[in-house]
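Okay, so here's the structure we're looking at.
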Amino acid sequence: MTDGIYLDNNATTMVAPEVVAEMLPFFSEQFGNPSSLHQFGDKVGRAVKRARRQVQSLLGAEHDSEIIFTSCGTESDSTAILSALRAQPDRKEIITTLVEHPAVLTLCEQLEKEGYTVHYLEVDKKGRLDIPAYYKLLSDNVAIVSVMWANNESGTLFPVEEMAEMARSAGVMFHTDAVQAVGKLPIDLKSTAIDMLSLSGHKLHAPKGIGVLYLRRGVRFRPLLRGGHQERGRRAGTENAASIVALGKACEMAREAMDYEKTFVKAMRDRLEQGILAQVGHCFVTGDANNRLPNTCNIAFEYIEGEAILLLLNKMGIAASSGSACTSGSLEPSHVMRAMDIPFTAAHGSVRFSLSRYNTMEEVERVIEAVPPIVEQLRKLSPYWSGDGPVEEPEKAFAPSYA
Amino acid sequence: MWDYSEKVQEHFFNPRNAGAVDKANAVGDVGSLSCGDALRLTLKVDPDSEVILDAGFQTFGCGSAIASSSALTEIIKGMKIDDALGVSNQDIADFLDGLPPEKMHCSVMGREALQAAVANYRGEEWKDDHEEGALVCKCFAIDEVMIEDTVRANGLRTVEEVTNYTKAGGGCSACHEGIEEILTRVLAESGERFDPNAVAGEIKKPKSGLTNLQRMKRIEELLEEIRPNLQRDHGDVELVEVDGKYIYVKMIGACAGCQMAATTLGGIQQHLAEGLGEFIQVLPAEELARRAAMGG
């Protein structure tokens with residue numbers, strides 16, 4: 001691994017060395033097309049089959065044929081939602097949330113332009129959904145519910161198992177974007193009412209460019225890509241064999257490391273959070289602190305801006321990410337922070353630290369040391385700050401024109 | 001991560017003139033919290049000579065907002081306030097060896113803080129007429145509000161016309177879908193539908209009705225009007241040829257070879273089109289040579 005402290009594992013993860021070793025032969029000696037009859041293809045076909053079982057095992061799916069390999073989480077999301085609309089042309093409504101990943105939100109915005117009605121569930125200040133409000137929206141007009149399992153920015157978990165049961169009782173399909181949850185939480189799909197689930201390889205130490213759509217047996221389906229018979233005709237295109245094998249291995253390793261995630265990774269996250277909160281004033285944890293991913297911690301530093309924090313962290317070799325507008329080049333801070341009604345002066349200063357099992361407690365201690373001086377340095381520049389604290393009534397004392 | 005120049009990074013990591021100036025007699029607060037940038041500029045101006053003796057900034061913002069603030073204070077210290085008002089956004093960006101297109105608004109903020117501070121010093125009220133929208137064209141840094149206003153003001157109907165008037169969409173063309181959506185929305189305001197097959201240039205505006213000579217004189221007058229803006233940026237423009245709806249100009253001084261030259265041409269084109277009341281296209285003089293070589 002390169003120098004530096006990588007705490008941006010919700011963005012992407014390092015490919016595990018064991019995973020790399022497992023996939024490499026599939027670029028050279030094992031280059032066959034898994035669909036071919038001859039020995040070159042046959043060996044690859046068997047390896048893909050094994051990988052499918054490894055994914056099945058991590059997800060707790062009943063059948064291995066419920067696993068469809070795709071190119072990424074975004075493709076899985078699009079496939080799931082568009083399939084539900086095409087398979088049920090009389091249903092013109094979609095239920096999702098305000099805090100989904102753009103893979104779902106941007107697609108929904110486009111579908112609105114095409115005439116569909118999209119219900120966006122709101123969240124409270126801790127990022128929690130109003131479940132009775134959701135229940136009221138379920139009807140025969142709804143083609144699909146798409147709700148993320150875990151939020152990528154705050155790590156907050158949604159009660160998707162309960163929500164899927166409600167959808168099933170109303171006769172509505174349920175999809176969950178679980179790219180942040182798979183590998184970090186135990187999942188047993190056969191005991192749930194979830195019809196479809198998206199996962200992405202590069203979030204769990206497999207390479208980029210491989211994803212999965214879990215499709216419950218019997219759920220009506222229309223493929224996004226038609227063509228060859230690959231994935232039983234449900235996702236045409238020659239299999240990305242090397243990455244499929246890699247994802248299988250990564251899923252096997254994630255299953256073995258599940259307890260470690262829940263205990264040691266969580267302990268590192270908690271230490272990081274407490275260490276920063278103990279030393280830095282005027283900052284707070286966003287999201288539902290009691291119900292979130294074990295690896296994620298999102299702290300809003302008030303009166304300073306996230307990109308500036310990241311640049312200074314980066315100078316010290318520490319990698320994190322931010323919900324500020326400037327990191328994305330957009331004019332608004334993160335839609336997740338806005339949905340939680342975090343004030344602008346804090347939303348712009350939100351920083352996400354996301355850990356993995358490859359981090360160490362020693363790294364966490366170094367980050368705890370690095371953060372306070374950075375915050376102090378930027379607050380010295382801030383018009384909202386004076387001396388050791390915010391100016392009195394900051395929003396009034398500094399109210400720039402054309403806000 | 002952003003492609004920040006070394007100068008931007010240097011001014012971010014070691015900002016000059018951070019903090020409020022002691023005994024300041026001019027304060028300018030500008031920014032937009034929703035877009036994450038806000039700046040307070042404090043100046044100490046000598047009342048007799050009107051020279052800026054000291055300048056300090058406090059910024060809530062990203063790396064380039066802090067670097068732009070730092071650059072602004074360095075540029076204006078020691079200047080007379082009238083000269084300081086001549087400092088353009090481009091001067092601030094140039095001082096920093098350029099800013100990414102998404103970040104040009106950080107330099108705009110610096111200039112506006114200066115205007116606000118000078119207004120405060122003179123006991124005037126500063127009003128900002130600058131409204132900023134989401135960036136649509138990343139190649140030429142054209143935002144949504146700019147495109148919407150131009151579409152409305154000129155009755156534009158096609159993506160090509162939007163490109164001709166604003167330059168938006170004239171680069172990689174990835175934003176054409178976004179421009180079509182703006183056209184659909186704005187045309188719907190007057191009950192019209194966006195037609196993707198419409199031909200550019202068919203603007204329902206009266207032709208100028210001028211003789212060729214009057215028209216050329218008018219073009220020269222219009223160029224005179226915008227010349228001071230270019231000269232402020234140490235550039236200039238020269239009229240080379242008028243051939244029907246094509247007007248060829250030569251960019252001079254700092255405008256020649258400037259990476260924003262295309263945007264400047266777009267601005268000149270808009271001014272001429274509005275002034276003449278007809279659809280015209282402003283092209284660089286090199287284009288004339290190229291067309292001549294191609295025999296037409």
Side-chain angles (χ1 to χ4, degrees), chain A residues 8 11 109-110 113 301-316 319 321-334 337-338 343-350 374 377-387 390-391 394-403, chain B residues 1-2 4 8-9 12-13 15 17-20 27-42 56-67 69-70 100-103 105-106 109 112-113 116 119 125-135 138 143-144 177 181 184:
Chain A
D8 200 11
E109 281 162 22
Q110 178 59 29
K113 288 177 198 154
F301 297 96
E302 293 185 271
Y303 312 116
I304 51 177
E305 199 274 339
E307 188 204 289
I309 303 173
L310 295 189
L311 290 171
L312 291 174
L313 283 171
N314 186 51
K315 202 180 173 198
M316 305 193 67
S321 69
S322 166
S324 89
C326 275
T327 50
S328 60
S330 69
L331 290 171
E332 286 270 311
S334 128
M337 295 300 140
R338 291 305 298 144
F344 280 118
T345 40
H348 283 293
S350 68
I374 287 175
Q377 179 182 343
L378 290 172
R379 279 183 177 161
K380 269 190 198 151
L381 300 179
S382 171
Y384 295 100
W385 199 261
S386 165
V391 294
E395 310 267 342
K396 275 190 200 164
F398 181 71
S401 44
Y402 94 85
Chain B
M1 200 45 102
W2 299 110
Y4 282 144
V8 172
Q9 295 185 38
F12 168 67
F13 289 124
N17 313 307
V27 181
D29 290 351
V30 296
S32 159
L33 256 195
S34 67
C35 92
D37 287 325
L39 162 61
R40 167 173 287 170
L41 181 69
T42 49
F57 76 91
Q58 289 163 285
T59 294
F60 173 91
C62 60
S64 51
I66 290 172
S69 307
S70 168
E102 288 90 341
K103 300 289 193 173
H105 68 102
C106 298
M109 187 172 75
E112 286 173 343
E125 190 161 331
W126 180 73
K127 250 185 88 78
D128 174 65
D129 56 355
H130 164 100
E131 196 186 345
E132 200 178 338
L135 197 63
K138 295 195 175 177
D143 70 29
E144 197 169 4
E177 184 184 355
E181 284 179 6
T184 304

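Below, chains carry the letters A, B, ... as their sequence lines are ordered, and counting in each starts from 1. We use all heavy atoms of the structure for the numbers below, so side chains are in, but hydrogens, waters and symmetry mates are not.
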- Item | Residue B/Pro100 versus chain A: region with a heavy atom under 4.5 Å | neither
- Which bit of B/Glu177 is near chain A, if near means a heavy-atom gap under 4.5 Å: side chain, backbone, both or neither? side chain
- Query: Which residues satisfy the side chain to side chain contact (heavy atoms under 4.5 Å, CB included) test with A/Asp8, sequence neighbours excluded?
  - Reply: A/Tyr6, A/Ala11, A/Ser321, A/Arg352, A/Ser354
- Message: At a 4.5 Å cut-off on heavy atoms, which part of B/Glu181 comes close to chain A: side chain, backbone, both, or neither?
- Response: side chain
- Message: If I take atom CD from residue A/Glu305 and atom OG from residue A/Ser322, how far apart are they, to the nearest 0.5 angstrom?
- Response: 6.0 Å
- Message: Is it the case that the side chain of B/Ser69 and the backbone of B/Ala65 share a donor-acceptor pair, with hydrogens and angles ignored and the cut-off at 3.5 Å?
- Response: yes
- Message: For a 4.5 angstrom cut-off between non-hydrogen side-chain atoms, does B/Leu39 reach B/Asp37?
- Response: no
- Item | Six-ring centre of A/Phe344, A/Arg338 cation under 6.0 angstrom, axis tolerance 45° | yes
- Any idea which of B/Ala20, B/Gly28, B/Ala18, B/Gly63 has the most non-hydrogen atom pairs under 4.5 angstrom with chain A? B/Gly63
- Region of A/Ile304 that comes under 4.5 Å of a non-hydrogen atom in chain B: backbone
- Task: Determine the option with the most heavy-atom pairs under 4.5 angstrom with chain B, choosing from A/Gln377, A/Lys315, A/Lys113.
- Result: A/Lys315
- Output all residues satisfying side chain to side chain contact (heavy atoms under 4.5 Å, CB included) with A/Glu109, sequence neighbours left out; order by chain, then residue number. A/Glu112, A/Tyr120
- Item | Residue among A/Ala308, A/Ser386, A/Ser382, A/Pro383 with most heavy-atom pairs under 4.5 Å to chain B | A/Pro383
